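In what follows, a structure is listed as structure tokens, so that the remarks can point back to it.
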Amino acid sequence: MVLNELGARINSALQTLSRESVIDEKAVDALLREICGALLESDVNVRLVQQLRLNVKALVNKDELAASANKRKVIQNALFDELCRLVDPGVQPWVPRKGKQSVVMFVGLQGSGKTTSCTKLAAYYKRKGMKVGMVCADTFRAGAFDQLKQNASRAHIPYYGSYNEADPVQIAMEGVAKFKKDKFDLIIVDTSGRHKQEAELFAEMEQIAAAIKPDNTVFVMDGTIGQAADSQARAFKESVDIGSIIITKMDGHAKGGGAISAVAATGSPIIFIGTGEHMHDLDRFSARPFVSKMLG
Ligand code: GDP
């Protein structure tokens with residue numbers, strides 16, 4: 001079930017509730033059954049769905065609700081808040097500041113949209129007047145430097161990389177040192193991806209992080225991977241200190257569950273979502289507008 005279908009199903013369940021002549025426990029149970037079923041089909045983790053059900057039920061059982069003139073509204077609001085809670089860990093996202101020389105390291109599996117997202121973020125902050133540079137510390141995949149070079153050139157972003165140096169830690173250190181010396185505001189370091197959550201990948205990420213001491217680490221996750229989101233996000237969280245999340249491919253067949261699982265597994269905020277292959281297809285993420293949009 002894609003994201004807008006999930007929203008449509010939640011809306012339809014709420015409309016059914018609106019048509020009920022009495023809002024009793026049976027009606028609320030039917031509503032929750034339908035909504036929780038839709039969330040599970042959208043790959044939201046079963047524990048989180050259960051928690052949402054319990055929270056809404058607890059509210060409905062309160063005496064205030066029994067006395068409330070507008071039970072439907074109270075239930076609708078509770079549900080909206082619960083959905084927001086699923087995509088908002090309540091942590092203020094880190095943001096780079098002009099003149100502060102920040103280093104941001106990108107991590108994620110190959111194909112997740114990491115390099116594309118590096119360029120999108122670089123272009124975003126360049127438009128805000130910052131001096132931004134990109135470093136290619138991916139020596140694992142042949143062609144990685146060429147791809148970053150091409151993306152960066154298209155966006156007119158200065159870049160650093162090497163065709164000869166095989167050690168990604170060395171390249172990351174050199175690139176960061178060069179851009180720092182040249183007084184760049186934001187230095188974005190793209191790392192290697194690999195196909196699976198392999199031990200070598202995590203060891204490499206840890207070494208790069210130890211060498212460049214990033215101010216923030218961005219975990220890039222493909223929004224279309226379904227139930228795999230939970231274990232993937234957990235695996236990355238164990239190895240690196242994930243500060244922010246970018247969920248990509250939200251323009252395609254993404255379900256809401258991937259984003260929700262990534263937040264739950266890492267406790268980190270989603271900062272942007274990727275909405276296409278183009279450099280400017282990047283939307284700032286904010287929980288309430290996201291949920292409003294999902295519900296149409
Ligand atoms: P990396 O291996 O993680 O660096 O992934 P890439 O940046 O090379 O992206 C893999 C593929 O996903 C490319 O074809 C990108 O154009 C595509 N891609 C990345 N982000 C998005 C997105 O937000 N939406 C869509 N539709 N495609 C994306």
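As the structure is a prediction and not an experimental result, all values here were calculated from the model. Order of appearance sets the numbers: ligands from 1, and atoms from 1 within every ligand.
Heavy-atom proximity to G274, at under 4.0 Å, picks out these atoms of ligand 1: 23 (O). Listed by number with element, the atoms of ligand 1 under 4.0 Å from a non-hydrogen atom of Q147 are 6 (P), 7 (O), 8 (O). Atom numbering of ligand 1 starts at 1 in the shown order; those under 4.0 Å from a heavy atom of K120 are 22 (C), 23 (O). Taking every heavy atom of Q110 and a limit of under 4.0 angstrom, the matching atoms of ligand 1 come to 2 (O). In the vicinity of L109, heavy-atom distances shorter than 4.0 Å reach the ligand 1 atoms 3 (O). Listed by number with element, the atoms of ligand 1 under 4.0 angstrom from any heavy atom of T275 are 23 (O).
Aromatic ring pairs are classed by plane angle as parallel below 30°, tilted from 30° to 60° and perpendicular above 60°; the pair F236 and F202 is perpendicular. The aromatic rings of F290 and F285 sit tilted relative to each other, their planes meeting at an angle between 30° and 60°.
With salt bridges taken as basic N to acidic carboxylate O contacts below 4.0 Å, none links D281 and K120.
Closest protein heavy atom to atom 3 (O) of ligand 1: K114 N, 2.8 Å.
Within a 6.0 Å sphere centred on CG of D241, heavy atoms belonging to other residues, nucleotides or ligands number 12 at most.
Residue-level proximity to ligand 1 for T116 is carried by backbone and side chain together, each with a heavy atom below 4.0 angstrom.
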